[in-house]
Amino acid sequence: MNTKQQGGIAVNQLGYRSRDAKMAMIAGEVGRFRLVNHVSGETVWSGDTLPAVADAASGITVSRGDFSAWERPGTYRIETEDGQSSYPFVISEAVYEEAHQALLKAFYYFRCGMELEEKYAGPWKHAACHLTPALVYGEEPRTVDAWGGWHDAGDYGKYVAPGAKAAADLLLAYECYPQAFQRALPLPESDGVLLDVLHECRYELEWLLRMQDGGSGGAFHKLTTLQFPGPDVMPEEDTAALYITPISATATGCFAGVMAMAARVYAPYDAAFAASCLRAAERAWAWLERHPEYPGFRNPPEIVTGEYGDEQDQDERYWAAAELYRTTGDARYHEAFRELAGQGAFDQYELGWADMGGYGTISYLMSGKEREQDAELAARLLAGLQQRAAELATVSSQDGFGISLKPEQYIWGSNMLVMNHAMLLLIAGRLSGSTTYERCALEHVHYLFGANVVGMSFVTGFGSRPILHPHHRPSEGDGVEAPVPGLVSGGPNYGKQDDYAREHLADKAPAASFADVMESYATNEVTIYWNSPAVFVLSHFV
Ligand code: G3I
Ligand code: 9MR
Ligand code: ZN
């Protein structure tokens, strides 16, 4: 555990709601620990840590100090007999509101194709970028004018499948927790009518619509320069030619899924937009039907930007069928969904950019009251979801930091898995009308904001020791000291696929394989689809 200044006591650096479970994660065999009023220095409560756990993922022994009993609002710190102290944190009714807003506002900062004005962006303002039409790779001089949307990450590429995952998480958050989005961000589009989360998603959806091939209805896989620009190049300085790569089945499936979802969500507010989303989804579905087998996407030889390769497209088709059925009630889509569900060729409970099956399952289960269902299939999917949630809870109960990642799951973007798992736990609870998994999901939030072995808040701008040097070109190039706020870092990655990690993290345990340095893109990049599940999860707790 990080032993700089504050010692090996990790807490959620934002704090805890009064009535929630509260745990300090303390390195070593501990014993007595105390809760100290950070203002007066007075010890307000003390107790014994739980039996120490040898934690496989972090490679250390952890003693957990449970101070759930203390509910009185205030600012506190945890101390141990040997003089160690945690960062200060608050206990209060409302602790996650600011972070929730910032995690959503981050999408505005990722916007491409428009000026980010000081009025909305503060010091992180910049000029409009990437406005030139993109050459269609292999079909030059054909061009497509697909401006707008969100940059993917620390690079300026725009990729359909990850973009669809990010938008789907936000739309799902809105469908499950509309009350969490009542406060304006604000955005340039804020009008007091449509919630800002829907304005923000629409910015991406409009770009996605431009990524559909007018002729065939398939979705182009991605839009990027041939190579990544230098690490401090601002978006508007990245003026190399843009290329659109060929259509892929995974992009087209994701496109159909998120468009069908949008058609449903926007229908009450903008019938014309909703109708265009539905038409786009149906044309994409028709493309999928005409291409039942399609090779997985590979970067053409000259293009070395993110590949987002994925050989398995059945899960994206499954998601698309579920959303199209939920939105239209058309029996054709139900039939297609049942068929794909029956083949069992993919994981039906995953929520990653390559594994979209979980979205299909969730959509089908959430449509239960609106649509006729195959009762047997619905029961099987619900049982499967409950079982997955139960497994995650079991892993969490054995983990030193209370989360559901096994050591081998600290991969590139492990924080996405942390938040995806919390999302799955919350949805499993919601669909069975229980609060069983809420506590476990919240432990994942505590981990994200500091209760982890590196003792850092993985979100820029939040916590006493937040990420300061994300692999994010605007944060590097804008001359502002603080990085763009509200960005979720990828997190520990035992794969160590960058030079910095290979050199400096070689001997680190999986959960400790992290460095807050710009060079380490395999541990410390930021992306839209690592932020989006965090927005969903915090929406439950605000
Ligand atoms: O799924 C396997 C797992 O089965 C295996 O046990 C494990 C062992 O390494 O690997 C897992 O695969 C990993 C995969 O991500 C899972 O999502 C790969 O190792 C890992 O290399 C791969 O990383 C991806 C990375 O691109 C490199 O391709 C990240 O998911 C993905 O988020 C990241 O995306 C990049 C874009 O290409 C470009 N833009 C920035 C973005 C974020 O860094
Ligand atoms: O900046 C790039 C980042 O967005 C990608 O996720 C990553 C992996 O594809 O690659 C980064 O670019 C690096 C490139 O791959 C190798 N040379 C150094 C680049 C970072 O400055
Ligand atoms: Zn741009």
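Since we're looking at a predicted model, the values are computed, not measured. Both counts, for ligands and for their atoms, begin at 1 and track the order of listing.
Protein non-hydrogen atoms do reach within 4.0 Å of atom 6 (O) of ligand 2. Per-atom contact check: atom 12 (O) of ligand 1 does not touch the protein, criterion being a heavy-atom distance below 4.0 Å. Distance screen at 4.0 Å: atom 2 (C) of ligand 1 has no protein heavy-atom neighbour inside the cut-off. Atom 32 (O) of ligand 1 lies below 4.0 Å from at least one non-hydrogen atom of the protein. For atom 29 (C) of ligand 1, a protein heavy-atom neighbour is found at a distance under 4.0 Å. Within a 4.0 Å radius of atom 42 (C) of ligand 1, the protein has at least one heavy atom. The presence of a protein heavy atom under 4.0 Å from atom 39 (N) of ligand 1 is confirmed.
Checked against the 6.0 Å centroid threshold, H472 and F110 count as a close aromatic pair. Aromatic rings of F514 and F458 (six-membered ring for Trp) have centroids within the 6.0 Å cut-off, being under it. Aromatic rings of F401 and H446 (six-membered ring for Trp) have centroids beyond the 6.0 Å cut-off, not under it. Checked against the 6.0 Å centroid criterion, the rings of W287 and Y294 qualify as a close aromatic pair.
Looking at ligand 1, you won't find any N or O of Y521 less than 3.5 Å from one of its N or O atoms. Considering backbone and side-chain atoms together, T527 places no N or O closer than 3.5 Å to any N or O of ligand 1. In terms of polar-atom proximity, E408 is not counted as a contact of ligand 1, lacking any N or O under 3.5 Å from an N or O of the ligand.
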Query raised in the report: Can you check side-chain hydrogen bond (donor to acceptor under 3.5 Å, both in side chains) on T361 and Q348, steps first, answer last?
Result: CA-CA 6 Å; T361 299; Q348 296 176 339; 5.0 Å; no

Query - Steps toward side-chain hydrogen bond (donor to acceptor under 3.5 Å, both in side chains) verdict (Y137, E302) - result: CA-CA 10 Å; Y137 186 87; E302 289 169 275; 3.0 Å; yes

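Contacts with ligand 2 closer than 4.0 Å are made by no heavy atom of Y156, backbone or side chain. The residue Y410 has no part lying near ligand 1, judged by heavy-atom distances below 4.0 Å. Residue Y156 does not touch ligand 1, judged by heavy-atom distances below 4.0 Å.
For the pair R473 and ligand 2, a heavy-atom separation below 4.0 Å is found.
Contact check for W150 versus W207: no side-chain heavy atoms found under the 4.5 Å cut-off.
Between F449 and F462, the ring planes lie perpendicular to each other; the angle is over 60°, past the 30° to 60° tilted range. The aromatic rings of Y521 and W412 sit tilted relative to each other, their planes meeting at an angle between 30° and 60°. Between Y447 and Y410, the ring-plane angle classifies as tilted under the 30° and 60° cut-offs.
Atoms of ligand 2 found under 4.0 Å from any heavy atom of E525, numbered from 1 in the order shown, are 3 (C), 4 (O), 5 (C), 6 (O). Atoms of ligand 1 found under 4.0 Å from any heavy atom of Y308 (numbered from 1 in listed order, with element): 34 (O), 35 (C), 36 (C), 39 (N), 41 (C). Atoms of ligand 2 found under 4.0 Å from any heavy atom of D155, numbered from 1 in the order shown, are 4 (O). Heavy-atom contacts of A153 reach the following atoms of ligand 1: 39 (N), 40 (C) (cutoff under 4.0 Å). Atom numbering of ligand 1 starts at 1 in the shown order; those under 4.0 Å from a heavy atom of D152 are 38 (C), 39 (N), 40 (C), 41 (C).
When the options Q497, E525, M416 are ranked by their closest heavy atom to atom 19 (O) of ligand 1, first place goes to Q497. Taking all heavy atoms of Y529, W412, W353 into account, the minimum distance to atom 34 (O) of ligand 1 is reached by Y529.
Protein heavy atom closest to atom 37 (O) of ligand 1, with residue, atom name and distance, is G306 CA, 3.2 Å. With respect to atom 18 (C) of ligand 2, the closest heavy atom belonging to the protein is Y521 CE2, 4.3 Å. Of all protein heavy atoms, the one lying nearest to atom 6 (O) of ligand 1 is Y494 OH, 4.3 Å. Remark: minimum distance from atom 7 (C) of ligand 1 to any protein heavy atom is reached at I411 CG2, 3.9 Å. The protein non-hydrogen atom at the shortest distance from atom 20 (C) of ligand 2 is H471 CE1, 3.7 Å. Scanning the protein heavy atoms around atom 9 (O) of ligand 2, the nearest turns out to be F228 CE1, 3.5 Å.
Judged purely by distance below 3.5 Å, without hydrogens or angles, the side chains of T523 and N493 never pair a donor atom with an acceptor atom. With 3.5 Å as the limit, one finds no donor-acceptor pair spanning the side chains of N420 and Y529. N524 and Y500 share no donor-acceptor pair across their side chains, judged by distance under 3.5 Å alone.
Each of F297, Y308, F255 was scored for a ring pair (Phe, Tyr, Trp, His ring centres under 6.0 Å) with H221, with one residue passing: F297.
Checked for salt-bridge contact, R111 and E200 meet the test: a charged N lies under 4.0 Å from a carboxylate O. Remark: K158 does not engage E204 in a salt bridge, criterion side-chain N to carboxylate O under 4.0 Å.
The structure places CG of L365 at 5.5 Å from CG of L431, a figure rounded to the nearest 0.5 Å.
Draw a line from the Zn ion (ligand 3) to SG of C112 and another to ND1 of H130, and the angle between them is 110° (to 10°).
Nearest to the Zn ion (ligand 3), among the N, O or S atoms that H151 has, is NE2.
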